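Throughout, a chain's letter reflects where its sequence line sits, starting with A, and its residues are numbered from 1. Keep in mind the model is a prediction, meaning the values are calculated, not measured.
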Protein chains: 2
Amino acid sequence: METKDLFIDMALKAWYIQLARTSELINGFTDEQWWGEIAPGRNRGIYLVGHLIAIHDAMNDILGLGQRLHPELEEAFVKNPDKTGFDMPSIELLKQYWKDVHENLSSQFQKMDADEWFKKHNAVTEELFAKEPTRNKLNVLINRTNHAAFHLGQLRLLKK
Amino acid sequence: METKDLFIDMALKAWYIQLARTSELINGFTDEQWWGEIAPGRNRGIYLVGHLIAIHDAMNDILGLGQRLHPELEEAFVKNPDKTGFDMPSIELLKQYWKDVHENLSSQFQKMDADEWFKKHNAVTEELFAKEPTRNKLNVLINRTNHAAFHLGQLRLLKK
């Protein structure tokens with residue numbers, strides 16, 4: 001295996017591990033857990049799951065993959081904190097969005113060749129990228145994986 | 001920059017970002033936060049910090065870097081859950097261990113060349129590694145980075 005393919009394989013594996021753990025956890029959530037706070041006064045399950053869906057969906061823009069599926073989630077789950085009264089989809093819809101957004105990303109990732117992952121992403125300028133070649137698409141994936149792990153650690157607290 | 005070096009640079013950057021965020025957080029902890037539970041009935045700050053120190057220190061064994069500095073932490077912070085009565089060092093000592101363990105790792109990492117990171121780690125057999133070359137030392141670093149992010153998400157809840 002070429003070194004480049006090996007890295008991509010490692011980074012994708014880490015991403016899919018975090019997603020699989022999160023999927024398993026939230027698929028087992030009761031309504032009480034979806035609506036429950038991870039700690040007194042903190043974010044609710046529904047907010048953190050919606051937040052992860054919206055942030056992952058936005059990778060379509062940053063990685064130049066195509067249109068995101070649910071830009072309407074930005075308002076309630078990214079731009080504003082939890083419990084500020086913005087409309088949220090039902091739990092059933094969010095479960096469906098979780099599935100759709102990740103299936104879409106997964107199919108987009110399969111179309112990317114190794115060189116594509118090492119190109120500049122859309123949230124960095126050409127100038128900065130010339131100086132910092134680590135600011136590539138694969139790095140976005142690595143950062144999003146850590147971000148997912150961060151919130152998975154919190155969502156875990158909803159499980160008894 | 002060679003692709004191999006680039007990828008190691010990306011993985012190390014992600015590792016140091018998680019560590020810097022965690023250091024900043026715990027350096028600002030009050031005694032109440034160190035001894036507080038992340039959520040009612042859950043792990044305390046002191047336990048999670050000790051857990052991260054012990055798991056990171058154990059990377060010395062898994063990556064074949066040398067002796068770990070504080071094997072005595074295994075009992076209270078890895079082998080057993082929190083609040084089971086095992087001896088824990090003082091907060092002051094833990095802060096020092098946090099610093100020492102990460103400085104030690106950092107200086108060991110600086111001595112590793114690119115090829116070294118792609119060699120098999122010590123928790124996988126030669127046979128399995130031949131089939132799965134992603135089970136290399138760099139992959140341990142990537143997994144530990146996600147593990148740190150997972151617990152950082154929880155430690156954050158101690159901050160008001």
Please classify the contact between [X] and chain B as side chain, backbone, both or neither, with a heavy-atom cut-off of under 4.5 Å.
| X | answer |
| --- | --- |
| A:L155 | neither |
| A:N136 | side chain |
| A:R156 | both |

Inset, instruction - Determine the minimum heavy-atom distance between A:R42 and B:K160, stating which atoms define it. - result: NH2-CA, 4.0 Å

Inset, instruction - State, to 0.1 Å, how close B:N139 and A:M10 come at their nearest heavy-atom pair, and which atoms those are. - result: N-CE, 3.6 Å

Legend entry - Atom CG of B:D87: over 12 foreign heavy atoms under 6.0 Å: no

Legend entry - Residue A:K83 excluded, over 12 heavy atoms near NZ under 6.0 Å: yes

Is [Y] reachable from [X] through a run of I, L, V, M, F, W or Y residues, each pair having side-chain heavy atoms under 4.5 Å apart?
| X | Y | answer |
| --- | --- | --- |
| A:V124 | B:L6 | no |
| B:L158 | B:I91 | yes |
| B:I142 | A:Y16 | yes |
| A:F86 | A:Y97 | no |
| B:V140 | B:F129 | no |

Legend entry - Heavy-atom side-chain contact between B:L157 and A:L157 under 4.5 Å: yes

Legend entry - Pairwise side-chain contact, B:T3 with A:T3, heavy-atom cut-off 4.5 Å (strictly under): no

Legend entry - chain A contact via B:Q18 - which portion, at a heavy-atom distance below 4.5 Å: side chain

Legend entry - Chi angles and distances behind the side chain to side chain contact (heavy atoms under 4.5 Å, CB included) call for B:I17, A:N146: CA-CA 10 Å; B:I17 285 172; A:N146 282 307; over 6 Å; no

Inset, instruction - Fit a plane to each ring of A:F7 and B:F118, take the angle between them on a 0 to 90° scale, and name the class: parallel (under 30°), tilted (30 to 60°) or perpendicular (over 60°). - result: tilted

Legend entry - Atom pair CG/CD of A:D9 and B:E132 - distance to nearest 0.5 Å: 9.5 Å

Legend entry - Straight-line distance of B:D5 CG to A:T134 OG1, nearest 0.5 Å: 12.5 Å

